[in-house]
Q: 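Take a look at the following structure, please.
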Amino acid sequence: MTRATEGVRRPARRGTRAAESVRQRADGGARVINALRREGHSVGRAARAAWAGPGRERDLVVQSLKAAAAALLAWLVGSVWLGDPMALMASWVALILVQATVYSSLLQAAQQFTAICAGTVLASAALALTGSTLGALALSVPLLMLLANWSRFGDQGVFGATTALFTLATGAAGSSAVGHRVGQAALGAVIGVAVNALVLPPIHLRDVRENLAALAREAGDLLHTVAADLRDTEWNAQSAAGWSSASARLERRLETLRSARGWSRESLRLTAGPLRVRRPPTPAPPEEEDERWSRVTGHIRALTRTLAVASDEERTPLPPDGPALHAYAGLLDLIGDVCHVESSRLLGAGADAPGPDGRAEATMLRLQRELQDWLREHAGQGAARATVLGTLLLQAENVWSETVSAGQRG
């Protein structure tokens with residue numbers, strides 16, 4: 001290669017690199033714009049949901065406004081009415097203590113007040129002992145951070161160290177300043193807990209109902225998806241992997257339901273008597289419903305696992321024949337419809353919402369008889385094929401039994 005040719009090619013390579021760099025920057029900018037657009041859509045949906053009616057979004061708005069009101073009230077009482085120079089402490093504590101439940105507000109008020117007292121007293125004592133801010137920091141903050149790990153403080157222990165930093169940074173560490181700071185912390189705790197308990201106290205019953213209805217709806221969606229794949233597409237490992245992923249999402253929804261149930265129990269503590277100043281939402285479904293849908297989720301999980309095993313060509317179990325799969329798909333569609341009816345009932349149709357009618361019961365019995373016939377035919381072809389169909393039929397019958405109450409079955 002001559003020097004002249006090399007000189008021609010080098011600018012070409014530089015031009016290619018420059019174009020690639022411009023394209024990468026453009027792609028990065030597009031990703032940022034798309035991310036911002038998605039966030040904007042998410043905020044818009046939340047705002048519309050909060051405006052439309054009761055729900056999680058409106059609850060968050062109410063709690064946020066309550067926290068702001070508690071901080072403002074604490075500042076008015078501490079600074080304007082009492083003229084205390086440490087009124088910032090009262091607003092700070094009040095803002096933090098408007099928690100998700102009244103019980104957690106009281107618990108965290110006790111923990112935080114204790115941590116603030118410890119931080120104020122230790123910082124003041126360390127400053128008096130060492131005579132310098134740096135020495136007081138070196139002496140008090142390590143001890144307070146170790147104390148913050150004490151389980152009795154929960155997640156409020158760090159406020160001891162932050163209070164010590166605030167105390168030493170402002171230079172107000174005398175006995176009078178300590179008394180003012182502790183008094184304002186107590187004032188803020190009282191105002192924060194009072195606002196949370198007396199102004200629209202948070203009662204988390206709606207979350208249980210919504211998660212339970214979502215679990216029923218998603219179970220029905222999964223059964224419909226499996227039925228459609230068995231009927232309309234080739235049954236393979238990829239389809240089974242999708243079913244397994246969907247059943248794993250059901251398990252996560254079940255965990256969310258259990259968490260919501262725990263919040264529901266806690267939100268009713270200390271609010272069932274004189275502290276409740278508003279009519280509570282519609283009572284949450286009984287805990288037996290959680291257990292029932294937990295069993296449904298387990299049966300669906302076993303069903304999809306059986307299908308995944310049968311789709312593996314290296315495993316012994318064999319999938320059922322096409323006509324048997326079509327009949328089984330009809331059975332899953334029917335059960336999925338029942339799950340959707342249960343979801344609607346949980347969202348507001350009430351306990352008297354109609355269950356499956358006589359035609360659905362008749363269809364269920366017809367499909368069961370048809371699948372029993374197919375099972376006998378598969379048994380004549382070998383145990384491997386009959387085992388899969390028998391297991392699938394058993395799991396489907398289990399789901400049907402759990403989704404249709406004894407009264408609805410008549």
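All heavy atoms count here, side chains included; hydrogens, waters and symmetry mates do not.
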Q: For the residue pair Cys339 and Ala216, what are the closest heavy atoms and their distance?
A: CB-O, 3.4 Å
Q: Can we say Asp290 and Arg258 salt-bridge, meaning some charged N sits less than 4.0 Å from an Asp/Glu carboxylate O?
A: no
Q: Rounded to the nearest 0.5 Å, what's the gap from CG on Leu223 to OG1 on Thr304? Could you check?
A: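 Separation between the atoms: 9.5 Å.
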Q: Going by atom types only, do Thr120 and Arg181 share a side-chain donor-acceptor pair under 3.5 Å?
A: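 Per modelled atom types, Thr120 and Arg181 side chains form no pair under 3.5 Å.
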Q: Listed by chain and number, what are the side chain to side chain contact (heavy atoms under 4.5 Å, CB included) partners of Glu289, not counting sequence neighbours?
A: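 By the side chain to side chain contact (heavy atoms under 4.5 Å, CB included) rule, Glu289 matches Leu212, Pro285, Pro286, Arg292, Trp293, Arg345, Leu346.
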Q: Going by atom types alone, do Asn196 and Ser105 pair a side-chain donor with an acceptor below 3.5 Å?
A: yes
Q: To check you understand the geometry: which heavy-atom pair defines the closest contact between Ala87 and Gly78, and what is its length?
A: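 Looking at all heavy atoms of both residues, the shortest contact is CB-C, 3.7 Å.
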Q: Short question: side chain of Lys66, backbone of Val98 - any donor-acceptor pair under 3.5 Å?
A: no
Q: Any side-chain heavy-atom pair from Arg261 and Asp207 closer than 4.5 angstrom?
A: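 A side-chain contact under 4.5 Å is absent here.
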Q: Give a yes or no answer on whether the side chain of Ser259 reaches the backbone of Glu255 with a donor-acceptor pair at less than 3.5 Å.
A: no
Q: For a 4.5 angstrom cut-off between non-hydrogen side-chain atoms, does Arg249 reach Ser245?
A: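 A side-chain contact exists here, since the closest heavy-atom pair is under 4.5 Å.
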Q: Considering all heavy atoms of both residues, which atom of Thr130 and which atom of Gly135 are nearest to each other, and what is their separation?
A: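 Minimum heavy-atom contact is OG1-C, 3.7 Å.
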Q: So do Trp81 and Trp75 actually touch side chain to side chain, heavy atoms under 4.5 Å?
A: no
Q: Kindly compute the distance separating CG (Leu393) from CG (Asn398), expressed to the nearest 0.5 Å.
A: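 Leu393 atom CG to Asn398 atom CG measures 9.5 Å (nearest 0.5 Å).
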Q: What's the separation between atom OG in Ser247 and atom NE2 in His299, rounded to the nearest 0.5 Å?
A: 14.0 Å
Q: Would a 4.5 Å heavy-atom cut-off, applied to side chains only, mark Val93 and Phe113 as touching?
A: no
Q: I would like to know whether Ile116 and Met89 meet side chain to side chain contact (heavy atoms under 4.5 Å, CB included); could you show each step before the answer?
A: CA-CA 10 Å; Ile116 288 173; Met89 182 67 70; 4.2 Å; yes
Q: If you measure from CG on Leu250 to CG on Asp221, what distance do you get to the nearest 0.5 Å?
A: 9.0 Å
Q: Hey, are Arg253 and Glu218 close enough for a salt bridge, meaning a charged N less than 4.0 Å from a carboxylate O?
A: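 Glu218 and Arg253: salt-bridged.
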Q: Side chains of Val309 and Thr306, heavy atoms from C-beta outward: is any pair under 4.5 Å?
A: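 Result no, sub-4.5 Å side-chain heavy-atom pair not found.
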Q: Please walk me through it: do Val158 and Phe153 pass side chain to side chain contact (heavy atoms under 4.5 Å, CB included)?
A: CA-CA 9 Å; Val158 71; Phe153 279 126; over 6 Å; no
Q: Does the side chain of Gln112 pick up a donor-acceptor pair with the side chain of Gln156 at under 3.5 Å?
A: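 There is such a pair between these side chains.
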Q: For residues 328-335, please give each side-chain donor-acceptor pair under 3.5 Å, one per line with the distance, not counting sequence neighbours.
A:
unit_1, atom_1, unit_2, atom_2, d
Tyr328, OH, Leu392, O, 2.6
Asp333, OD2, Arg231, NH1, 3.2
Asp333, OD2, Arg231, NH2, 2.8

Q: With side chain to side chain contact (heavy atoms under 4.5 Å, CB included) as the criterion, how do Leu82 and Leu187 come out once you've worked through the C-alpha distance, each side chain's angles and the decisive distance to 0.1 Å?
A: CA-CA 11 Å; Leu82 299 181; Leu187 175 64; 4.3 Å; yes
Q: Do Leu303 and Trp243 have side-chain heavy atoms sitting under 4.5 Å apart?
A: no
Q: Where is the tightest heavy-atom contact between Ala109 and Ala189, given as atom of each residue plus distance?
A: CB-CB, 4.2 Å
Q: Heavy-atom distance under 4.5 Å between the side chains of His224 and His340, does that happen here?
A: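 With C-beta onward as the side chain, the pair touches.
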Q: Would Leu230 and His326 satisfy side chain to side chain contact (heavy atoms under 4.5 Å, CB included), going step by step from the backbone distance to the final call?
A: CA-CA 7 Å; Leu230 292 180; His326 281 210; over 6 Å; no
Q: Looking at Arg366 and Glu370, does any basic side-chain N land under 4.0 Å from a carboxylate oxygen?
A: yes
Q: For Asn211 and Ala260, which heavy atoms make the closest approach, and how far apart are they?
A: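 Closest approach of Asn211 to Ala260: ND2-CB, 3.9 Å.
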Q: Could you tell me which residues satisfy side chain to side chain contact (heavy atoms under 4.5 Å, CB included) with Leu137, sequence neighbours excluded, listed by chain and number?
A: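 For Leu137, the residues satisfying side chain to side chain contact (heavy atoms under 4.5 Å, CB included) (neighbours in sequence not counted) are Thr133, Val141, Leu165, Leu168.
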Q: Any non-hydrogen side-chain atom of Trp92 less than 4.5 Å from a side-chain atom of Leu97?
A: no
Q: Report the distance from atom OG of Ser151 to atom CD of Gln111, rounding to the nearest 0.5 Å.
A: 9.5 Å
Q: Say you draw a straight line from CG of Leu215 to CD of Glu251; how long is it, rounded to the nearest 0.5 Å?
A: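 The distance works out to 9.5 Å.
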Q: Any donor-acceptor pair under 3.5 Å linking the side chain of Thr403 with the backbone of Val399?
A: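 Between the backbone of Val399 and the side chain of Thr403 there is a qualifying donor-acceptor contact (under 3.5 Å).
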Q: On a heavy-atom basis, which atom in Gly157 and which in Ala115 lie closest, and how many Å separate them?
A: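 For Gly157 versus Ala115, the nearest heavy atoms are O-CB, 4.2 Å.
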